There are 2 protein chains.
Amino acid sequence: MATIQDVAKLAGLSRTTVSRVINQHPYVTDEKKRLVMNAMEELNYVPNSSARRLRKQQTETIAVYVPRITNPFFSQMVEVMGNYAAEKGYQLILCQTSYSRNQEINYLELLKTKQVDGLILTSIENEWSDIEPYMNFGPIMLCNEYNDEAKVPTVYLNQIEGGYIGTRHLIEQGHTKIGYCSGDNTESRVASDRYKGYKKALAEAGLPLNEKWFLTSAYSIEDGKRIFKEIASMKDPPTAVFTGSDEVAAGIWKEAVNHQWRVPDDLAIIGFDDQPVAELIGLTTIEQPIEEIAKRAMEQMIETIEKKLPSKRKEIQLDFKLVKRRST
Amino acid sequence: MATIQDVAKLAGLSRTTVSRVINQHPYVTDEKKRLVMNAMEELNYVPNSSARRLRKQQTETIAVYVPRITNPFFSQMVEVMGNYAAEKGYQLILCQTSYSRNQEINYLELLKTKQVDGLILTSIENEWSDIEPYMNFGPIMLCNEYNDEAKVPTVYLNQIEGGYIGTRHLIEQGHTKIGYCSGDNTESRVASDRYKGYKKALAEAGLPLNEKWFLTSAYSIEDGKRIFKEIASMKDPPTAVFTGSDEVAAGIWKEAVNHQWRVPDDLAIIGFDDQPVAELIGLTTIEQPIEEIAKRAMEQMIETIEKKLPSKRKEIQLDFKLVKRRST
DNA sequence: TTGTAAGCGTTATCAG
DNA sequence: CTGATAACGCTTACAA
């Protein structure tokens with residue numbers, strides 16, 4: 001592998017001049033520039049990025065944390081972020097926390113060891129106080145998930161609103177017995193706010209909150225199937241159910257149909273995210289502007305890195321949209 | 001940020017000794033080791049990875065190329081690869097080629113500039129002769145996609161078999177007019193072999209090949225919908241259709257139902273991949289052992305890197321499975 | 001406009 | 001078992 005030194009020698013110039021050409025500095029005669037260019041060409045030279053990273057103390061790499069890349073909500077987010085980052089000359093390191101606190105902490109070392117210039121969290125597994133210390137090593141920001149204590153830029157959706165409009169829709173359809181499905185993450189504002197929205201809609205309509213209709217550990221299609229069975233075995237089952245993801249909703253629906261229940265007559269179901277599958281099966285759901293939150297987050301991160309902005313709270317809030325289909 | 005020098009000074013030892021402790025070399029007294037550990041602790045020291053990369057000439061990073069991360073087939077592959085890589089102490093850089101030749105070439109520079117130790121291609125957009133030169137800069141391998149000219153390790157499925165068993169199944173169901181959907185990539189052996197398998201099954205059964213039933217540009221749900229319309233507008237439409245992905249199949253089905261066609265009576269549909277959506281909607285499909293090809297590929301790549309294996313052809317072939325559901 | 005020289009933070013070599 | 005010293009390949013004051 002040719003180094004900058006080799007190029008310099010062949011061109012009969014100094015390393016400095018070569019470096020200047022590479023980095024498009026002014027004050028290099030066209031003649032010398034051509035000399036350098038030719039030498040680089042001849043030697044098939046490419047700058048070594050490790051050396052450059054060490055010298056410039058930056059990596060042009062951004063880490064994106066997601067629970068699992070196979071969750072379509074997150075893969076869409078990563079798709080947009082990856083493309084936008086590439087356009088701006090940055091790479092993406094993908095960090096899957098697998099809903100694990102340890103895994104999340106392990107990956108945080110990337111920032112500490114200067115392997116990335118910054119990181120974007122789309123979910124949070126640990127308490128913020130466990131993450132905060134890492135802010136000393138580089139910019140961190142939130143996209144989707146949010147947190148009161150976090151003094152970082154945050155691009156998010158008001159999940160109280162999300163929970164509210166979904167539940168409100170079910171109430172408007174005449175339902176009074178409305179179940180609620182969610183995951184188990186107790187640190188998540190996304191989860192807790194969505195639940196708040198659900199309760200708010202219920203309270204407004206003077207409907208009771210029934211703890212038996214609160215269903216947990218809901219992440220996947222399989223979980224949805226399990227949840228349907230739980231509902232079916234209840235003495236006084238809900239007539240409608242609010243779910244935290246289209247996958248869970250799809251699982252419930254699938255199993256309901258298997259048991260000869262009619263949707264929405266026997267059970268109305270509302271999903272969340274508006275993933276492609278929702279349109280396919282006709283699921284009413286709540287659309288999140290994924291492309292936009294992803295793009296806004298990546299923009300913000302790159303700006304933070306390039307302008308070396310100090311870490312501070314900055315909220316960018318976007319809105320949901322109800323997509324009515326035949327499951328309600 | 002504390003450096004190894006700071007630790008050395010605080011511990012009253014040399015950089016070398018500190019480095020030895022960090023890298024778990026033998027021949028360091030327990031006493032000095034403790035001294036070093038304490039100093040590292042006190043200074044909150046972490047080794048700088050850029051410096052290490054430069055010195056060791058390796059990055060512990062692997063690039064994975066996919067067309068789009070939102071395609072569930074590829075996101076599953078990346079999920080498995082990412083987790084396995086993390087387990088082995090490697091990071092993953094995600095490269096989305098967006099089905100673009102240029103984008104693919106752009107990303108190949110990563111290897112050249114020594115930003116990654118190796119790369120795994122799950123799809124190929126360019127001709128192999130355009131990719132081959134990059135093999136001088138580090139190990140490249142294939143996973144899923146394959147190519148005759150490529151002298152690299154390849155983990156793949158025999159797509160002739162895939163095309164064959166799907167088509168054969170439709171023939172066994174009594175169909176004689178069988179359509180075929182695929183994408184447009186002319187470089188892809190996955191695509192051309194699958195088509196060969198289709199033709200082989202047809203020929204074996206003495207059925208004619210009708211060019212009008214060859215449908216192209218099929219990638220997404222939307223494409224599937226468009227394709228259904230093409231089929232519906234034919235004078236002599238096929239009664240069954242083989243598709244290259246569950247998403248396309250789902251789109252065709254969705255639109256068919258919208259137009260009051262019955263599946264499988266008016267049109268039988270077979271998908272490919274066995275994505276979660278297939279089970280959900282009851283799509284007959286061909287399962288690919290994604291987890292296994294992904295894991296085998298990553299294993300192979302890490303072995304290649306760590307043992308500095310020379311690049312050579314090595315084929316690992318795995319098998320398909322037909323999953324019969326109600327769409328056929 | 002160009003070059004010299006000093007580092008960025010490690011690890012490998014070699015001598016002790 | 002430990003330490004001095006020389007790289008790894010690049011950029012950036014500073015000098016000329």
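None of these values were measured; they are calculated from a predicted model. Within every chain, numbering begins at 1; the chains are lettered A, B, ... in the order of the sequence lines, protein sequences first and strands thereafter.
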What's the [atom1]-[atom2] distance between [X] and [N], to the nearest Å?
X	N	atom1	atom2	result
A:L54	C:dT10	CG	C1'	8 Å
B:E31	D:dT2	CD	C1'	13 Å
B:M1	C:dC8	CE	C1'	13 Å
B:R53	C:dT11	CZ	P	14 Å
A:K32	C:dG3	NZ	P	6 Å
B:Y27	D:dT2	OH	C1'	13 Å
A:N48	C:dC8	CG	C1'	13 Å
A:K9	C:dT2	NZ	C1'	19 Å

Report yes or no: does [X] contribute a side-chain atom to a donor-acceptor pair with the main-chain N or O of [Y] at less than 3.5 Å?
X	Y	result
B:T113	A:N48	no
A:S188	A:V190	yes
B:R313	B:D148	yes
A:D117	A:I302	no
A:E104	A:E125	yes

Open item on the list: Let me spell it out: for each of A:Q5 and B:T29, pick the nucleotide of DNA chain D with the closest heavy atom. Which residue's pick is nearer the 5' end?
Closed with: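 Its nucleotide being nearer the 5' end, the pick is B:T29.
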
- [ ] Between protein and nucleotides 11-16 of chain D, map the contacts as a letter string: B base, S sugar-phosphate only, - none, heavy atoms under 4.0 Å, written 5' to 3'.
- [x] BBB---

Open item on the list: Ignoring hydrogens, what is the shortest heavy-atom contact between A:K32 and A:V28? Give both atom names and the distance.
Closed with: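 In terms of heavy atoms, the two residues are closest at CB-CG1, 4.2 Å.
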
Looking at [N], I'd like to know if its phosphate oxygens (OP1 or OP2) sit under 4.0 Å from a side-chain N or O belonging to [X].
X	N	answer
A:T17	C:dT2	no
A:S14	C:dG3	yes
A:Q57	C:dG9	yes

Open item on the list: Between B:S75 and B:E79, do the side chains contain a donor N or O and an acceptor N or O under 3.5 Å apart?
Closed with: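 There is no such pair (donor and acceptor under 3.5 Å, judged by atom type) between the side chains of B:E79 and B:S75.
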
